[in-house]
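What follows is a short report on a single structure.
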Amino acid sequence: MCGIVGYVGKRNAQDVLLDGLEKLEYRGYDSAGVALALEGGIRVVKSKGRLAELRKRLAVEALARSGCGIGHTRWATHGEPSDVNSHPHSTPRVSIVHNGIIENYGVLKERLMAKGYTFESETDTEVLVKLIDSCYEGEPLKALRAALAMVRGSYALAVLFRDFPDTLFAVKRESPLIVGWGEEENFIASDIPALLKYTRRYSVLEEGDMAVVNADGIRFYNEFAEPVEREVLTANWDQEAAEKGGYPHFMLKEINEQPAAITATVSPRVENGLPDLRVPELTDERLRRIGTVHLVGCGTAMHAGMVGKAAIEALARVPAQVEIASEFRYRNPILRPEDLVIIISQSGETSDTLAALKLAKSRGVPVLAIVNVVGSSIARAADYVMYTYAGPEIAVASTKAYMVQMCVLYLFALRLAYARGMQTDAEIRRLTAELAADAAAAAPRGTRAAGTQHYRGDPDDKDHRNDQKDHAHHIHPSACGRVGGVTAVQRHTVDAAQPVGQRLHGLLGAGVIITGSPIGLHVLVQKGTQRADGQAAFQPGAAHDVVVAAVGLIGGQQQQHTIVLVGRAKLPVVKDIVGKAFHCRVAQQLIDRVNADLRAAGIGQAD
């Protein structure tokens, strides 16, 4: 549950590190600290307790401005919560922050003590930093490789060397770590929210990777010390999606986001009233050959698997087993080539779950991953992927992620039953329709939009159909959550040959386009009072009647659009729910085309 942040660039590193650590507070921690590269060497400030305590110490220290540093929030494993056990751990030449566990730290500590090293803390991380120091002869990568060759365990490391005050080093094995790409600045983090204030572009370190991070760029090396390239991904949610959005806490916000998450996950996977898994390799013929389904996860994901087991056995009459990943990986499970292992994880980085996936693949059993994070380790390693479009889940107690995991498992069970002929066509359609209506059922009381229908995209569009190994992002339909009460739902057919701007204007009538979110092309339009010049009067933040329009892909002669009228909602709240809560995005050229059409029509443009 620990958090890592690293920064190098022109900003004040101390501020960036504290900002990033604040965004990782949801992970839980008992102490925090930073290490900054200063003119006289590396300066470490750390404290037991909350970030507020660390801020107080930094205010007293009044350190000089630094453009390079690392920070950490720690959840105690080796040693009690205390100042001395807090991260970073350092020698005069090296400072590190570490997530994970060094299993053989006791043996390594004895060897280092024999060389004259002394220890102040009870942690395995202090052993690791002094092991790196003992291998350091002026070349950081060689020191890291030599030290880590002696280590048994898991680690995500951000490392700062005194001799390289403008460079950070990142290393990953069995603990998640990413690097963020900025403009003349770059980042290290253990999770995406730490970066979103500054960048949405990131790369995921793979097993054994090392990254050399400075303000000018990032270089990657694999476990064999060979230079490699790593894909640059774009987070499909931004800082506002990771904020509380006016709610008193994240859990309440995420409960209210459940209808949107269900719709975004289920609707694209229903075609002509039947479940469509959008996994080309999982044909009905392949589904008919499945022997046993093994559902594997940890915590909440495992409980979603228990619901999935009941659905699979009841509907498809296929034997299913559910196991917690930490037991599955060690107990030598009976796996056959005709079986299917379903790996369930919100983050896609759960260590035991990833180990279970690797075990299944080593036995030649195909693996389907149900994950929420595009490009995560589990998503990359699995044979097939079904994404749950829940957006960020910050609260420790899972709500919307659990809900959409169950929805995907229901879809799988329904398609499996359909492929094997275990239910009638009419029954499959009935159950699928009920599942598709769950977004309305999950809406908080008083906000249900009964009978809402949603645009499903072009069924012949390859990218829309296949959200698998290329990790493409797609347009998904949406429903509006709790915003002042849904007053009406309308469905319109328009001529797709018209320019997009004209289509919007024709759909919505008089009004001004206020914003067009690049996530799903949701457009807010005021339908209230008109000024003398024909433009709608609008005051940001004031209560107005607004319209949310879910606009579909360009293609075909006619398309369906769902218009949800929302009564008396404050625009920032609507923007938060509509523009930020959906785990999807639209190609920039579509946004550009919309803007061009809107300007040509004299309507304005999407922001």
Side-chain angles (χ1 to χ4, degrees), residues 3-22 31-47 51 53-74 83-84 86-98 117-118 120-121 125-126 128-144 147 157-171 179-189 194-195 197-199 210-219:
I4 288 175
V5 182
Y7 174 76
V8 56
K10 294 181 179 180
R11 302 178 197 263
N12 186 334
Q14 177 178 306
D15 294 342
V16 176
L17 296 177
L18 291 172
D19 256 350
L21 293 175
E22 194 172 75
S31 58
V34 298
L36 299 168
L38 297 173
E39 193 167 323
I42 299 171
R43 186 63 182 274
V44 175
V45 179
K46 53 187 183 176
S47 172
L51 279 173
E53 293 300 317
L54 177 61
R55 290 182 185 275
K56 289 178 185 177
R57 292 203 178 183
L58 286 166
V60 171
E61 295 281 350
L63 300 176
R65 181 187 175 95
S66 168
C68 184
I70 53 177
H72 192 262
T73 49
R74 173 182 184 254
D83 289 355
V84 70
S86 305
H87 294 216
H89 286 280
S90 304
T91 71
R93 300 190 298 176
V94 189
S95 184
I96 71 170
V97 292
H98 166 221
Y117 282 91
T118 59
E120 299 176 353
S121 78
T125 304
E126 186 184 7
L128 182 56
V129 72
K130 291 181 177 178
L131 181 64
I132 295 169
D133 183 87
S134 72
C135 297
Y136 181 61
E137 297 177 351
E139 296 187 48
L141 290 178
K142 284 188 176 180
L144 289 168
L157 303 176
V159 187
L160 179 61
F161 286 83
R162 181 190 60 192
D163 299 340
F164 296 82
D166 59 354
T167 304
L168 300 177
F169 300 84
V171 193
V179 291
W181 298 82
E183 298 293 332
E184 297 185 355
E185 60 182 358
N186 289 301
F187 308 82
I188 299 172
L195 307 180
K197 182 175 180 179
Y198 307 100
T199 183
M210 293 187 185
V212 181
V213 182
N214 55 43
D216 297 326
I218 303 172
R219 304 192 310 276

For a quick test of reading the model, state the closest non-hydrogen atom pair linking Ala13 to Leu36 and the distance between them. CB-CD2, 4.1 Å
Does Phe187 have any ring-ring contact (aromatic ring centres under 6.0 Å, His included) partners at least two apart in sequence or in another chain, and if so, which? Tyr7, Tyr198
Pairwise side-chain hydrogen bond (donor to acceptor under 3.5 Å, both in side chains) hits with a residue in residues 128-137, at least two apart: Thr91-Asp133, Arg93-Asp133, Tyr117-Asp133, Glu126-Lys130, Tyr136-Asp163
Side chain to side chain contact (heavy atoms under 4.5 Å, CB included) with Ala194: which residues, sequence neighbours excluded? Val5, Leu24, Ala189
Going by side chain to side chain contact (heavy atoms under 4.5 Å, CB included), name the residues that satisfy it together with Arg65, two or more places apart in sequence or in a different chain. Asn12
Contacts of Glu183 meeting salt bridge (Lys or Arg N to Asp or Glu O under 4.0 Å) (sequence neighbours excluded), chain-then-number -> none
Ala170 to Ile188 - nearest heavy-atom pair and separation: CB-CD1, 3.8 Å
Side chain to side chain, Leu54 and Val45, heavy atoms closer than 4.5 Å: yes
Distance-minimising heavy-atom pair for Ala35 and Val44: CB-CG2, 3.9 Å
Does His98 have any ring-ring contact (aromatic ring centres under 6.0 Å, His included) partners at least two apart in sequence or in another chain, and if so, which? none
Just jot down the side chain to side chain contact (heavy atoms under 4.5 Å, CB included) partners of Ala37, sequence neighbours excluded, or say none. Ser66, Cys68, Leu160, Pro165
What residues, two or more places apart in sequence or in another chain, satisfy side chain to side chain donor-acceptor pair (under 3.5 Å) together with Glu139? none
Those residues that, when tested against Asn214, pass side chain to side chain contact (heavy atoms under 4.5 Å, CB included) (two or more places apart): Thr167, Asp216, Arg219
Give, for atom CE of Met210 and atom CG of Leu144, the distance between the pair rounded to the nearest 0.5 Å. 5.0 Å
Give me the atom names and distance for the closest heavy-atom approach of Gly41 to Arg162. CA-CG, 4.1 Å
Spatial distance of atom CG (Leu168) from atom CG (Leu157) [nearest 0.5 Å]: 12.5 Å
First locate atom NE2 of His72, then atom OG of Ser31, and finally report the distance between them rounded to the nearest 0.5 Å. 8.0 Å
Nearest non-hydrogen partners of Leu17 and Gly71, listed with the distance: CD2-N, 3.9 Å
Between Thr199 and Trp181, is there a donor-acceptor pair closer than 3.5 Å when you use the side chain of the first and the backbone of the second? yes
Nearest heavy-atom contact between Gly217 and Asn186 is N-ND2, 3.5 Å
Drop me the distance from Arg11's CZ to Asp19's CG, to the nearest 0.5 angstrom. 9.5 Å
For the pair Thr73 (side chain) and Leu21 (backbone), establish whether a donor and an acceptor sit closer than 3.5 Å, ignoring hydrogens and angles. no
Would you please name every residue forming a side chain to side chain donor-acceptor pair (under 3.5 Å) with Lys142, sequence neighbours left out? none
For residues 55-62, run the donor-acceptor check on the side chains, cut-off 3.5 Å, and write out each pair with its distance to 0.1 Å, sequence neighbours left out.
residue	atom	partner	partner atom	Å
Arg55	NH2	Glu22	OE2	3.3
Arg57	NH1	Lys46	O	3.0
Arg57	NH1	Asp83	OD2	3.2
Arg57	NH2	Asp83	OD2	2.8
Glu61	OE1	Arg43	NH2	2.5

Picking from Ile70, Val129, Ile96, what satisfies side chain to side chain contact (heavy atoms under 4.5 Å, CB included) with Val159? Ile96
